[in-house]
**Q** 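Okay, here's the structure, questions in a sec.
Below, chains carry the letters A, B, ... as their sequence lines are ordered, and counting in each starts from 1. Note that the coordinates shown come from a computational prediction; the quantities given were computed from them, not determined experimentally.
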There are 2 protein chains.
Amino acid sequence: MSSVIDESLLEGGEGSRGEILDAAAEAFMRKGFAAASIDDVADILGCTKGRIYHHYRSKADLFFDVHRRGMAMDLQAVRSCMAEERAPLDQLFEMAVAHLMVVMSQIAYQRVAVQGLEMHLAGQTTPEQRKTLRAILTMRDEYEGLFAGEIERARAAGAIPEQDVHLVVKAFMGALNWTTIWYRQRRNQSQAERRRIAEEIARFALRGLGGPPAPAAAPAAGGKA
Amino acid sequence: MSSVIDESLLEGGEGSRGEILDAAAEAFMRKGFAAASIDDVADILGCTKGRIYHHYRSKADLFFDVHRRGMAMDLQAVRSCMAEERAPLDQLFEMAVAHLMVVMSQIAYQRVAVQGLEMHLAGQTTPEQRKTLRAILTMRDEYEGLFAGEIERARAAGAIPEQDVHLVVKAFMGALNWTTIWYRQRRNQSQAERRRIAEEIARFALRGLGGPPAPAAAPAAGGKA
DNA sequence: TGCATCCAACGTACTGCGTAGTATGTTTCT
DNA sequence: AGAAACATACTACGCAGTACGTTGGATGCA
């Protein structure tokens, strides 16, 4: 792992940079990269541009850091649930739920990460920024590869029908990631309610692969409705 | 020009406005609404802003028209395949394939339509524009309602398990619409190849609903099990 | 047929504003 | 004293929108 990833990506919203990242994620989520201004971010923080430009050299660099932190959240959550040995389809279910829980609890960062996907920034970036962008997209490819790998394992094990893995992983991720588009966090929405949503979406995605009709719930959770 | 949906929405790229719409869809797809300039659109056409502002009062109005035309494409394709009477799951499969074929053949318009979903444009729109925006979003809700209705029919007929229809329709549309994110049209990509992709994605989405494992051949007619 | 008129469909040239980025104070902590 | 962590004040520029000029084709009329 030639890590571009260091621990600073996982530190919480504490610290000045963490607060800036949170505010930037919020602003970019609301208006998008191009429409959101640095002053918007500063307003959320109740400060001025000076503070932001003291920590980040440009708006693009700030965006990259938000994007990267969003990806780091995904990676950490999914990797941690890949520690245990499970059958591929059970593993995929856990990964999907973990991903969805991150999406719903960190909707701002996750929407920014999706924005980064659609954005080309062609021409309007410096060579150094393009290098950073490539690194982030590689990070995302690796992330999608974690899911693709498990799907491939399931296919090789005969747990799901023969199919174009490169294609269905897109549909799989789509079913999950579309959550960033429609989901709105409600006040007083319990963790349990979020988990119900996550499991329902994850079940949909798992069934989409064509496995056994009734994917069992997690052994620890034990939630047969 | 404050008419709602008329036949002009379905006219092809011919005509001056049609050309402008095509160019605008291209520009908005490449850079997004905020980053794309009217001059970008003009450059694609090889003309100047004058031509565009002669036909559209503002950038937002132009965007709305592209969005609306994208939705009209979807509606026409899906409605036309709803003419025949089919079992709900068969109907859904045809609808999904039709939707995906439109997405792949009109990727620019479809990506703009997705952009419109994420965009709030809060505050920076006139009351009249907000009214137009509401109309378009209503159009999209109705479109999603076509799919939700068929899913509900399938559920009521016992063809798929009991589940939260409002939730799974999001996952369903996500599996389909995510195509706007990852799909790139290849040169020399045959219609048959596109159909193969569409059917593979559609199968995934159909299986996600939890219907019969094999592509619907078994008679699902009859009351609840 | 020839000509004048009118207007749609642009092109040209310009303005005003929002915003990214910078240069330079000012404060607090070590 | 020095530097990190900001705030303040400013500039440069891109872009949406506008005012106005230009052209070509349709129409009316002698």
**Q** Does a salt bridge link A/R153 with A/E150, judged by any charged N lying under 4.0 Å from a carboxylate O?
**A**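 Salt bridge flag = yes for A/E150 with A/R153.
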**Q** D/dG14 P sits how many Å from A/K59 NZ, rounded?
**A**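 To the nearest whole Å, that distance equals 15 Å.
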**Q** Just by distance, no angles: are the side chains of B/D141 and B/T138 close enough, under 3.5 Å, to form a donor-acceptor pair?
**A**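 The criterion, which ignores hydrogens and geometry beyond distance, is not satisfied for B/T138 and B/D141.
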**Q** Taking the six-membered ring for Trp, are the ring centroids of B/F28 and B/H67 within less than 6.0 Å of each other?
**A**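 So the answer is no for these two rings.
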**Q** Among A/Q110, A/H99, A/R111, whose side chain to side chain donor-acceptor pair (under 3.5 Å) with A/N177 holds?
**A**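 Of the listed residues A/Q110, A/H99, A/R111, the side chain to side chain donor-acceptor pair (under 3.5 Å) partner of A/N177 is A/H99.
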**Q** How many whole angstroms separate atom OH of B/Y53 from atom P of D/dG21?
**A**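 So the OH-P distance, B/Y53 to D/dG21, works out to 21 Å.
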**Q** For C/dC10, does OP1 or OP2 lie under 4.0 Å from any side-chain N or O of B/H55?
**A**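 True: B/H55 side-chain N/O within range (under 4.0 Å) of C/dC10 OP1/OP2.
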**Q** A/R51 has a side chain; which of C/dG21, D/dA7, C/dG11 sits nearest to it?
**A**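 It is D/dA7.
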**Q** Going by modelled atom types, is there a donor-acceptor pair between the base of D/dG17 and the side chain of B/K49 at under 3.5 Å?
**A**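 Side chain to base: pair present.
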**Q** Quickly work out the A/D43 CG to C/dG18 C1' distance and round it to whole Å.
**A**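 In whole Å, C/dG18 C1' lies 14 Å from A/D43 CG.
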**Q** Between B/S16 and C/dA9, is there a side-chain N or O to OP1/OP2 distance below 4.0 Å?
**A**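 Indeed not, no polar side-chain atom of B/S16 lies that close.
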**Q** Looking at A/E144 and A/K170, does any basic side-chain N land under 4.0 Å from a carboxylate oxygen?
**A**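 A/K170 and A/E144: salt-bridged.
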**Q** Is any side-chain N or O of B/H54 closer than 4.0 Å to OP1 or OP2 of C/dC10?
**A**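 Answer is no, no contact under 4.0 Å.
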**Q** Rounded to whole angstrom units, what separation is found between the CG atom of A/L62 and the C1' atom of C/dA20?
**A**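 One finds 13 Å between C1' of C/dA20 and CG of A/L62, rounded.
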**Q** Measure from CZ on B/F63 to P on D/dG17 and round the result to the nearest Å.
**A**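 Going from CZ in B/F63 over to P in D/dG17 covers 14 Å.
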**Q** Between P on C/dT22 and OH on A/Y56, what's the gap in Å once rounded to a whole number?
**A**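 Taking OH of A/Y56 and P of C/dT22, I get 17 Å after rounding.
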**Q** Could you check how far CD1 of A/I52 sits from P of D/dA4, rounded to whole Å?
**A**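 For the pair A/I52 CD1 and D/dA4 P, the rounded distance is 20 Å.
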**Q** Contact class for A/A36 vs. all strands (heavy atom < 4.0 Å): base, sugar-phosphate, or nothing?
**A**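 Touches sugar-phosphate only.
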**Q** Of the candidate nucleotides D/dG17, D/dA7, D/dA16, which contains the atom at the shortest distance from the side chain of B/S58?
**A**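 Closest of the options to the side chain of B/S58: D/dG17.
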**Q** For A/D39 and C/dG21, what is the distance between atoms CG and C1' respectively, to the nearest whole Å?
**A**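 So the two atoms are 11 Å apart, to the nearest Å.
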